[in-house]
Amino acid sequence: MSQHQCSRTAALQRKLIENVEWSNQTFITEFILLGFGNLPELQTPLFLLFLVIYIVTMAENILTLALLVTNRHLHTPMYFFLGNLSCLETCYTSTVLPRMLASLLTGDRTISYSGCITQLYFFVFMVTAECFLLLVMSYDRYVAICNPLNYAALMRSWVRIQLVSGSWIMAFFTSTLITLLMARLTFCGPNSIDHFFCDFAPMLKLSCSDTSLIELVNLLLCFAIIVPTFLLTLMCYVCIIVTILRIPSTTERHKAFSTCSSHLIVVVIFYVSLIVSYMIPTAGPAGDLHKVFSVFYTVLTPLVNPLIYSLRNKEVKEALKKAGGKLTAFISR
């Protein structure tokens, strides 16, 4: 037998073995979310903690939305963007926490394949939209503080609508692309996702298909969306801080700096936890660290954003007092 025939026979044998192994594989129809590990003594405390966080987050954001819609004094560019952020945070929190709460309460950690893909779609959508909305809001504050004379012209209604629509459209295309690429992969087992929700990296580890394309696309999207929006947002706040430091009044300067610094802290926490989560390996202890950082941008950020951006503002406090007064008068009738 010639060398060419031997090599051809060996190739056919390898292909036959691969086909046999492929036929013996069982495709996954459901996943198991491992969550925070098998610690029965922590299930109840974690359930109560995240339940309180979920209720408070939903109440804050729904209250903010109600005030922004019903009070005409809050129909300004800044509150238009804040309203979109509150709407986003309401949906964002509901993408992750209800499924986590159900797992902690019942002990059932299974989630169907379609349910997992759906959760991934909405998660990527919300994260991408938040990146762009935070950038838009920082630009709005930059124009208001650094270029106040042109603020009305630069933030006309059609400009605001374009900025917000662009954020939602970019989120739609990003999540659709990632989800379609993920849906093309084959999952043969194991089916245990080492996370408390269907995140990108833990799911990718379970695929028995070639993941090079989706990993490349994800990397490009990270450098095209997360990094630029973070840097541009930081630049806006740096310019704002420089302008604030020039304010002659110490009281006004301190008040403005306090507000700006709290906004900046929330932005940094969100972006740093997001970047670290997608840059470090997810195996072993690093996987547990990944979960901790994920809690920051999926749970804590939606909780504190309404307090930092909306409910601390003087106009919102006044609107809340008026709404409370009207409610008291209505009840006392």
Side-chain angles (χ1 to χ4, degrees), residues 33-37 46 49-50 52-54 56-57 60-61 85-86 88-97 99-100 119-138 167 170-171 174-175 178 193-205 215 218-238 260-309:
L33 296 171
L34 298 181
F36 297 99
L46 286 175
L49 172 64
F50 287 116
V52 170
I53 290 175
Y54 182 58
V56 172
T57 302
E60 288 175 343
N61 286 288
L85 183 65
S86 293
L88 168 71
E89 300 292 20
T90 303
C91 300
Y92 189 11
T93 305
S94 299
T95 300
V96 176
L97 279 182
R99 186 64 191 83
M100 185 202 302
Q119 188 182 52
L120 175 68
Y121 172 84
F122 283 105
F123 168 72
V124 175
F125 182 92
M126 299 303 167
V127 168
T128 307
E130 180 149 1
C131 288
F132 283 106
L133 281 177
L134 290 176
L135 173 59
V136 168
M137 289 167 58
S138 66
S167 301
M170 286 298 297
T174 302
S175 59
I178 289 294
I193 298 177
D194 190 16
H195 215 313
F196 56 85
F197 69 100
C198 295
D199 198 5
F200 175 83
M203 284 186 68
L204 213 60
K205 291 172 60 178
E215 287 178 343
N218 179 68
L219 183 64
L220 292 175
L221 288 174
C222 285
F223 280 100
I225 296 175
I226 297 178
V227 175
T229 54
F230 180 41
L231 294 178
L232 289 172
T233 303
L234 281 181
M235 286 176 59
C236 287
Y237 279 111
V238 168
C260 179
S261 61
S262 61
H263 290 188
L264 185 58
I265 289 171
V266 172
V267 167
V268 169
I269 289 174
F270 172 77
Y271 274 106
V272 169
S273 59
L274 191 64
I275 292 171
V276 171
S277 293
Y278 289 96
M279 289 182 64
I280 62 175
T282 58
D288 296 331
L289 186 62
H290 183 195
K291 295 177 190 177
V292 172
F293 278 105
S294 297
V295 169
F296 279 101
Y297 63 80
T298 59
V299 179
L300 296 183
T301 300
L303 175 66
V304 301
N305 272 345
L307 295 173
I308 297 298
Y309 286 105

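Hydrogens, waters and symmetry mates play no part in the numbers below; they use all other heavy atoms, side chains included. Every value quoted in this text rests on a predicted model; they were computed, and no experiment measured them.
Rounding to the nearest 0.5 Å places CG of Leu303 at 6.0 Å from CD1 of Ile53. A distance of 12.0 Å separates CD in Glu215 from CG in Leu220, rounded to the nearest 0.5 Å. Note: Met137 CE to Ser167 OG = 11.0 Å, rounded to the nearest 0.5 Å. To the nearest 0.5 angstrom, Met170 atom CE is 5.0 Å from Ile225 atom CD1. Interatomic distance, CG of Leu34 versus CD1 of Ile193, reported as 8.5 Å (0.5 Å rounding).
Here the closest non-hydrogen pair linking Val268 and Leu234 is CG2-CD2, 4.2 Å. Between Ser294 and His195, the shortest heavy-atom contact is OG-NE2, 3.1 Å. For the pair Cys222 and Pro228, the tightest heavy-atom approach, listed with the atom from each and the gap, is O-CD, 4.2 Å. Across all non-hydrogen atoms, the minimal contact from Leu135 to Leu232 is CD1-CB, 3.5 Å. Across Leu120 and Asp199, no two heavy atoms sit closer than the pair CD1-C, 4.1 Å. The two atoms that bring Cys260 and Tyr237 nearest to each other are SG-CD2, 3.7 Å, heavy atoms only.
Residues Glu89 and Asn61 have side chains that never bring a donor and an acceptor to within less than 3.5 angstrom of each other. At a cut-off of 3.5 Å, with distance as the only test, no side-chain donor of Ser86 or Tyr309 sits close to an acceptor on the other residue.
The side-chain heavy atoms of Ser138 and Val267, taken from C-beta on, include no pair separated by under 4.5 Å. You'll find the side chain of Thr229 reaches within 4.5 Å of the side chain of Tyr271, heavy atoms only. Residues Thr174 and Phe125 are not in side-chain contact: their nearest non-hydrogen atoms beyond the backbone lie 4.5 Å or more apart. For the pair Leu274 and Phe293, the minimum side-chain heavy-atom distance is 4.5 Å or more. Side-chain contact between Thr128 and Ser175: absent, with no pair of heavy atoms (C-beta onward) separated by less than 4.5 Å. Looking at Cys198 and Arg99, their side chains never come closer than 4.5 Å, going by heavy atoms from C-beta outward. Looking at heavy atoms from C-beta onward, Val292 lies out of side-chain contact with Val295 at the 4.5 angstrom threshold. When side chains are defined from C-beta on, Phe196 does not count as touching Leu33, because their heavy atoms never get closer than 4.5 Å.
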Notebook entry, point to check: Under the side chain to side chain contact (heavy atoms under 4.5 Å, CB included) criterion, do Val299 and Phe50 qualify, and how do the steps go?
Noted result: CA-CA 8 Å; Val299 179; Phe50 287 116; 4.1 Å; yes
Notebook entry, point to check: After noting the C-alpha distance and the side-chain angles of Asn305 and Glu130, does the key distance pass the side chain to side chain contact (heavy atoms under 4.5 Å, CB included) rule?
Noted result: CA-CA 11 Å; Asn305 272 345; Glu130 180 149 1; 3.2 Å; yes
Check: Between Phe122 and Cys91, does a side chain to side chain contact (heavy atoms under 4.5 Å, CB included) hold up when you go through it step by step?
Finding: CA-CA 9 Å; Phe122 283 105; Cys91 300; over 6 Å; no
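Within the 3.5 Å criterion, the main-chain N or O of Phe270 finds a donor-acceptor partner in the side chain of Ser273. Remark: side-chain polar atoms of Glu60 are not paired, donor with acceptor, to backbone N or O of Pro306 under 3.5 angstrom.
The pair Lys291-Asp194 meets the salt-bridge criterion, since a charged nitrogen lies less than 4.0 angstrom from a carboxylate oxygen.
Heavy atoms from other residues, nucleotides or ligands lying under 6.0 Å from CZ of Phe296 number 12 at most.
Two rings, from Phe197 and Phe123, have their centers less than 6.0 Å apart.
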